[in-house]
Amino acid sequence: MTTFADYDGQKPAWCPGCGNFAILNTLKRALVDMDMEPHHFTIVSGIGQGAKLPHYTRCNTFNGLHGRTLPVATGIKLANHDMVVMAVAGDGDCYGEGGNHLLHAIRRNINVTLLVHNNQVYGLTKGQASPTTPQGRVTKTQPFGALSSQLNPMALAISLDCSFVARAFAGASGLPFLKEMIKEAVNHEGFAMIDILQNCVTFNKVNTFHWYKERVYELEEGYDPTDRVEAFRRSLEWGERIPTGIFYKNQRPVCGKDITPLQKGPLVGHDVFSVNLRQESALFY
Amino acid sequence: MTTFADYDGQKPAWCPGCGNFAILNTLKRALVDMDMEPHHFTIVSGIGQGAKLPHYTRCNTFNGLHGRTLPVATGIKLANHDMVVMAVAGDGDCYGEGGNHLLHAIRRNINVTLLVHNNQVYGLTKGQASPTTPQGRVTKTQPFGALSSQLNPMALAISLDCSFVARAFAGASGLPFLKEMIKEAVNHEGFAMIDILQNCVTFNKVNTFHWYKERVYELEEGYDPTDRVEAFRRSLEWGERIPTGIFYKNQRPVCGKDITPLQKGPLVGHDVFSVNLRQESALFY
Amino acid sequence: MELTIRIGGEAGQGLQLIGTVLTTYFKRLGYHVFTHQDYMSRVRGGHNFYQIRLADKPVCCSRQQVDLLLALDSNTIDLHEDALSQQGRIIYDSEMCKRQGVGRHFLYMPFTAIVKELAVAEVMVNSAAVGAVIGILGLDLQPFAEIIADFIGKKGTEVVTTNIKVAQAGHDHAVSDYAGLFSLPAPEAGLQSHILINGSQAMGLGALMSGCKFYSAYPMTPSTGIMVFLAAKAAEHGLVVEQAEDEIAAINMALGASYAGVRAMTGTSGGGYALMTEGVSLAGITETPIVIAEVQRPGPATGLPTRTEQSDLFFVLYGGHGEFPRVVFTPGTPEQAFYLTNKAFHLAEKYQIPVIVQSDQYLADCQWTLPEFAEEGLLQEDFRLRGQALQERESYQRYGYSDSGITPLAVPGASRHLVVVDSDEHDEDGHIIEDAETRNRMMTKRLFNKLPLLQAEMTPPEHYGAAEPDFLLIGYGSTWGLLKEVVDHCPPQKAVAMLHFSEVWPLPLSDTFDYVALLEQATTICVENNATSQFATLLHSQTGHRCTHRINRFDGRPFTLDNLMEALNDYLC
Amino acid sequence: MELTIRIGGEAGQGLQLIGTVLTTYFKRLGYHVFTHQDYMSRVRGGHNFYQIRLADKPVCCSRQQVDLLLALDSNTIDLHEDALSQQGRIIYDSEMCKRQGVGRHFLYMPFTAIVKELAVAEVMVNSAAVGAVIGILGLDLQPFAEIIADFIGKKGTEVVTTNIKVAQAGHDHAVSDYAGLFSLPAPEAGLQSHILINGSQAMGLGALMSGCKFYSAYPMTPSTGIMVFLAAKAAEHGLVVEQAEDEIAAINMALGASYAGVRAMTGTSGGGYALMTEGVSLAGITETPIVIAEVQRPGPATGLPTRTEQSDLFFVLYGGHGEFPRVVFTPGTPEQAFYLTNKAFHLAEKYQIPVIVQSDQYLADCQWTLPEFAEEGLLQEDFRLRGQALQERESYQRYGYSDSGITPLAVPGASRHLVVVDSDEHDEDGHIIEDAETRNRMMTKRLFNKLPLLQAEMTPPEHYGAAEPDFLLIGYGSTWGLLKEVVDHCPPQKAVAMLHFSEVWPLPLSDTFDYVALLEQATTICVENNATSQFATLLHSQTGHRCTHRINRFDGRPFTLDNLMEALNDYLC
Ligand SMILES: Cc1ncc(C[n+]2csc(CCOP(=O)(O)OP(=O)(O)O)c2C)c(N)n1
Ligand SMILES: Cc1ncc(C[n+]2csc(CCOP(=O)(O)OP(=O)(O)O)c2C)c(N)n1
Ligand code: SF4
Ligand code: SF4
Ligand SMILES: [Mg+2]
Ligand SMILES: [Mg+2]
């Protein structure tokens, strides 16, 4: 059995009061629940505040480039499908710089769990608008307010028929819920995305902890996460009331162990130098 | 009054029978109808078969990089909002390499008309799967069939609250419809996207002209393109029956002439060297 | 007379405000200042510092030793106590630092107590500290009032008044407890026509004065300062500053805007530049003017994101596939950053090429007191073909051949003439071609014809110091101030000089100033803030001169005057 | 004895099949062949050609003059009639070409009529043409049957039989009308152990034999051939070939796979490489092995997408921000492409660095007859730390210091030890750091320690021809065959030799073979398929040698033996 302490990592460099702490701790609790040993999973992250997370726990880590978590995670999962792979990214990381990879990771339906630390702002670079920043918000680089509409990650993922689409809130009330969601996402076969609403005490003075707390609620019991159109409808709710929970799931084919070259087991276990040159050259004679 | 001949360009390098010819001619007809003089509009295109289009008519042209039409179009429109700007791209160009720009051009709601020549394949590079290739289709680079699900451009655009979302078919029956659609898209204030189903006689032997012809139909009279959830529902139809028409429209704020720096008119008309150095340096003294 | 003040503490403690307020204070009083910043890639906690060097004559680099250390936390004492000069003192508050300083060099100041006593917000300890520093230096607090109003005035007059009160209390304590410790001579009068500016601001100002109308970028330290500067000017000057979804979009938007007829710029750091190189190549073949600020930080990849390095020289010289002309500037001072950004716009439009202005975190963030910039020195020529001149032409071909390789740059939509540009090889009209002959002619037009003209535009390197040097310090980019002061500090009998390159590609001709001869006659020492001596390699490959010695620093920190002097000791003999 | 056949027509007419079938036919008969292709960036129409040079001894470049021109359309006659050699003939069908050829050199053949007569599909004219070519050369049609079955067998036996019938008819016509026109001497026996292979296939095969398990790429001419080759092998060998959404994803996926413990590769051309350079830099700081095929085409930007050029040398040497070690190979033949791809995987994993194998459209598409490759020449060593060796370690640090700079490369998940890699500067454990000392140590480990080891791994250039040359032809990459034949064709009294570099970065040491001395003693002529003599510049900057002359071609076409001989005339005196 693993314990919370098994996941002790470096000391976080986050601001006191930052929502990232709650996400980190909840992730650790979920890992304890799943009894997942640190070497059994890999966290891939990009660059941003949230993306520093893997250093603050213990796990195999690929802390790569800003925006490029999902391709790296895809490569890892295809090379070793026995490895549990998670990706951790910020809203800028994942919906801005890395937007194209999100589209295609969803389409590919790789068996990876994506946690988006969505603080609706670029934290590490000090407060510019991110794709989830509400339209019109003024920042130092958006002097006339953000010109673009706020990206709706739930609607986007549902439109792409994402295999598992959820939203959570990194506040005390939401944490047990987030923990269960993470476990379900990790156990889900296919691409699972959880957009986590997270306060940034330093650069987002509007969507504060309390702002979220007053608005978030859980999708009601009986909500049917397999109805794509209904999921889409609910994904459009944002304002006075913000639903959290699993919006949508499906069981579509996974790009993973069933594809031909992986049927003999993870690539990483295959023999390396087993190809016969003469045989492979046959067509050249 | 402009005439069809005013839009005569270079001789197309397309394969005989390619759907691109119909798109080109229909575009020219729409231009005649709108009486748009060649120097009054700019076509931005990427790299691919469809993307060669601007050379085959007469217009201001920026034939740029594969995948990068929309940022270029955005720059042009912001620099000169009196210019009519269209972007022409392939399905690979726009949904593959350029996927991220599509997301953000839609969010930005720049007043540009995007025509996607969607032949469900990479034509110019000789037949690899594109994002709109049906899952499972075998090609020389997809030996186990395309691993990803087929991208649904209508659903994607609607999820992003795209200002104008339409699908057309580049076959005789669809052309008058396409022509009207192009005119409406160009006249629409905001980002307008038309995904045009186009046969590729050389590399797509499944989704042929006849395949499309048997399936496409027009959205019924009375269909309400302002109902986003309903639009989403209809966007999911694909198979025996494929709807064409304007799926969705809205009037959300445009990133254009109303934003502060453009209120004095297009940037291109502003004085260039009018800034007073001493005044701008005030804060440094 | 000179003095170095270092302010240390955690991210989020307000070091930058303290530093800037103090620097502005000194500047307005008439002191020359030079500041540099050392900060971590985090928003709160950790350890940052802000260093101010003030003097009665121009200064342009940092010193190793500190005369006055303002410690806002205990860590600062641990990390910097060793850096104190012989007369050095540490100003600290035992309550803030949670420790007692032992030794004569500790100057205790009750910042927390002041704040408590006055019953004001805790963050105001910073004003107490500023007041104390001013007091210890025996200077008048008066000018502080105006400055603090400039900086935080928009928070309301009450906040301003309270801060002044707190600063006064800090000042009073310092004067009563430590009067006369440091007595600064009165500064030379007449810095009113000087400005206090850093490299980012200078580049932004240079762009603004060059008619830049469009700036698209994706945030990336340490380049974001330029965007912030221009964004603040956007409303007034009708300038579009757009944050793109990524760097690829940033450069392609700028190219679109440029094609449409406005002067356009983008900026980023090395990682973002990597994503832009395809666009640079696009600018090359389409002959679309563009200015790109590449503000370096230590790599590879994310590296040390808030620190400094000069390691992307070769990358900007050669980044992008295929062969096309480009110009690369490497300013060494905010003044050069200003004028070279202007020259970049000028050459970009004149020759229809990409021009890269390469800077780094050090240059971007360091503040200098400099004589105000002059409008007369600016290149302000509009090369566009439009209006009547365009309308009256019988025909127009975007890539019409000419001896200079330059085809007039028509604005699309400004006449009936069409403007067709193409990323494929093209004919004079801009349409796709594949034949060998047209290809050869276009390569000649675009590349061979323009290259000699560009080279002739480049200003030769700056020679400073001994006219016939035995030792020649070679540098480029942000080391200008450092090398200059080293030259000033070397004994005259050593015959030391500096040769500084701020226009590095194409490397300037040596016809007006035969710098190659100068190189050959001296012991040359190339000083670079990188590991592989990229500039020395470039110099060798272009001039044949192999530098005698190389001094490199690549730990993310800038050289200081003292550590470079020390490193030079081995060679200056 | 040698003969050049050129087959010209429109895209979509099946030139490539005709060419490959004929080439295979000649090879199986025992002739040496060399082919090259010239095609436009379109799928139908335009003008393409396929050129086959066959001989009774090895040939490795193309000739300018054509002995047999198979014209599938009228345009071909217009474009290539001038290229005919003195004995040259044009095979054409007046119906297909819609014209009558005037002159003794026109050999009319009724391809269309044959097809009509036999009432088979029109496309079968191609088989008639193949049969005719074989007939005119006085060769036996027999082997064709087997070959056509190999190529189109999967379309069913009926199609195959019909094609044979049509070819027979073409052959009969040729034999009856033009017997004895060209009488080829019987080929030397014993090419059974030779292979007919192009550069793309050789690189694919090299990757397969090196244990490559993961190839992610985005289609881009002329690199796609490698992907197609590997995709065809994927099912049998448990190899994942994934088409990424863009080149950025392609390299990051490959890095992910490599991190996870499998040998990974990506491939692209210049424009795609531009998008990959940030990932190359990431491989650099994370020390993740990766092999990248960069298959060049003429730039800038889209340029001439289906043609050839050597213009990205500096880009691959310096592409990517920051400073890190890398290796660049530039194979000159399919054989070198095969073995250097293998060496690339070997060095990438041994030193945990990015290795770039740079090729171009010419090398990618040209087919050569070569002695079969040998397994013994392959480097097959598994450097990964896993299994018991890993499990039994007490601890593991991904970036633990060592004298060589190399830390054992552990496979994540293969033990309780964690594998932590970071794009930020990091400590031995892989966690983010910002201090100067660790930075310096990591730069030393990663860069300075590995550089000399890498340089020692590089094989010196190949010296061919006169031992003490007066004239030294210098080249790198795909010009190998050309330079070799030029040497062979030069009169021995001229003392001409070739110095060819296939391992260009770091440039090999000159301790085992003092090639710098060789350079210095000869008149050196650097031959490059680019405009700016990048290799000559590199050679100069690394060795100090400045080439005496430079010959460049940058119109998208390869040099031929004849036009290079001509260009050389000016210098070989
Ligand atoms: C290619 C590239 N562009 C830009 C950056 C600079 N950068 C680092 S983090 C970041 C955004 C951070 O925002 P987000 O992803 O939302 O993460 P947060 O800090 O808010 O958690 C940016 C723009 C970079 N590292 N690399
Ligand atoms: C950066 C880059 N990557 C790849 C390519 C090669 N390429 C050219 S067109 C194309 C895809 C064409 O497909 P699509 O966009 O669907 O257009 P179509 O030819 O089908 O009309 C690709 C991959 C390129 N030119 N640039
Ligand atoms: S800046 Fe915001 S997101 Fe970053 S650590 Fe601080 S509170 Fe958290
Ligand atoms: S390959 Fe397909 S898309 Fe391209 S021109 Fe031919 S038919 Fe049209
Ligand atoms: Mg964020
Ligand atoms: Mg397509």
Side-chain angles (χ1 to χ4, degrees), chain B residues 9-10 13 37-42 44 47 52 54-55 58-80 82-83 100-101 103-104 107-108 255 259-268 270-278 280-281 283-285, chain C residues 150 192 194-197 201 205 208-211 213-214 216 233-235 237-240 242 244-246 248-250 252-264 278-279 282 286 372-375 378 380 382 411-424 430-432:
Chain B
Q10 308 277 302
E37 299 210 55
H39 65 286
H40 282 151
F41 67 102
T42 300
V44 180
I47 300 298
K52 294 177 185 168
H55 296 284
R58 288 187 67 244
C59 57
N60 293 304
T61 300
F62 193 118
N63 183 178
L65 299 171
H66 182 55
R68 313 305 168 192
T69 45
L70 293 174
V72 172
T74 303
I76 295 173
K77 191 73 190 182
L78 286 171
N80 183 0
D82 284 350
M83 176 70 77
N100 202 31
H101 310 307
L103 299 188
H104 297 282
R107 290 183 51 233
R108 208 172 262 119
C255 175
I259 66 172
T260 317
L262 303 185
Q263 284 165 3
K264 288 180 243 167
L267 290 182
V268 69
H270 290 199
D271 280 350
V272 185
F273 303 117
S274 57
V275 183
N276 178 289
L277 176 57
R278 177 89 208 188
E280 293 319 310
S281 313
L283 67 155
F284 303 122
Y285 286 93
Chain C
D150 283 359
Q192 293 83 339
H194 274 53
I195 52 174
L196 174 70
I197 193 167
Q201 293 163 333
L205 189 61
L208 196 66
M209 292 309 301
S210 304
K213 288 265 135 203
F214 191 89
S216 46
K233 303 287 183 183
H237 297 296
L239 170 74
V240 168
E242 178 60 353
E245 55 272 24
D246 56 30
I248 302 171
N252 278 283
M253 278 184 195
L255 289 173
S258 178
Y259 162 81
V262 309
R263 293 196 169 192
E278 195 191 11
L282 175 65
T286 57
E372 63 191 351
F373 303 151
E375 219 148 319
L378 292 173
Q380 295 188 327
D382 187 340
V411 171
S415 74
R416 306 190 70 85
H417 300 304
L418 302 178
V419 181
V420 179
V421 305
D422 191 359
S423 74
D424 294 90
H431 293 303
I432 304 178

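Contact of C/Ala374 with chain B is made through the backbone alone, with heavy-atom distances under 4.5 Å. Proximity to chain C involves both the backbone and the side chain of B/Glu280, based on heavy atoms less than 4.5 angstrom apart. Heavy atoms closer than 4.5 Å to chain C are found in the side chain of B/Thr260, but not in its backbone. Within the 4.5 angstrom heavy-atom criterion, no atom of B/His40 approaches chain C. Neither the backbone nor the side chain of B/Leu103 has a heavy atom closer than 4.5 Å to any heavy atom of chain C. If you measure heavy-atom distances from B/Cys59 to chain C, the contacts under 4.5 Å come from the backbone alone. With a 4.5 Å cut-off on non-hydrogen atoms, B/Leu70 does not touch chain C at all. In this structure, the portion of B/Asp271 lying under 4.5 Å from any heavy atom of chain C is its backbone and not its side chain. With a 4.5 angstrom heavy-atom cutoff, C/Ser258 does not touch chain B via any of its atoms.
Contact annotation: the side chain of B/Asn80 never approaches that of C/Val262 to less than 4.5 Å [non-hydrogen atoms, C-beta and beyond].
Here the shortest heavy-atom pairing between B/Arg58 and C/Leu418 reads NH2-CD1, 3.7 Å.
Residues satisfying the ring pair (Phe, Tyr, Trp, His ring centres under 6.0 Å) criterion with C/Phe373, sequence neighbours excluded, are C/Phe338, C/Tyr339. In terms of the ring pair (Phe, Tyr, Trp, His ring centres under 6.0 Å) criterion, residue partners of C/His431 (sequence neighbours excluded) are, by chain and number, B/His55.
Between chain B and the options C/Leu255, C/Leu378, C/Asp382, C/Ile248, heavy-atom pairs under 4.5 Å are most frequent for C/Ile248.
Electrostatic pairing of B/Arg108 and C/Glu245 counts as a salt bridge here, judged by a charged N lying under 4.0 Å from a carboxylate O.
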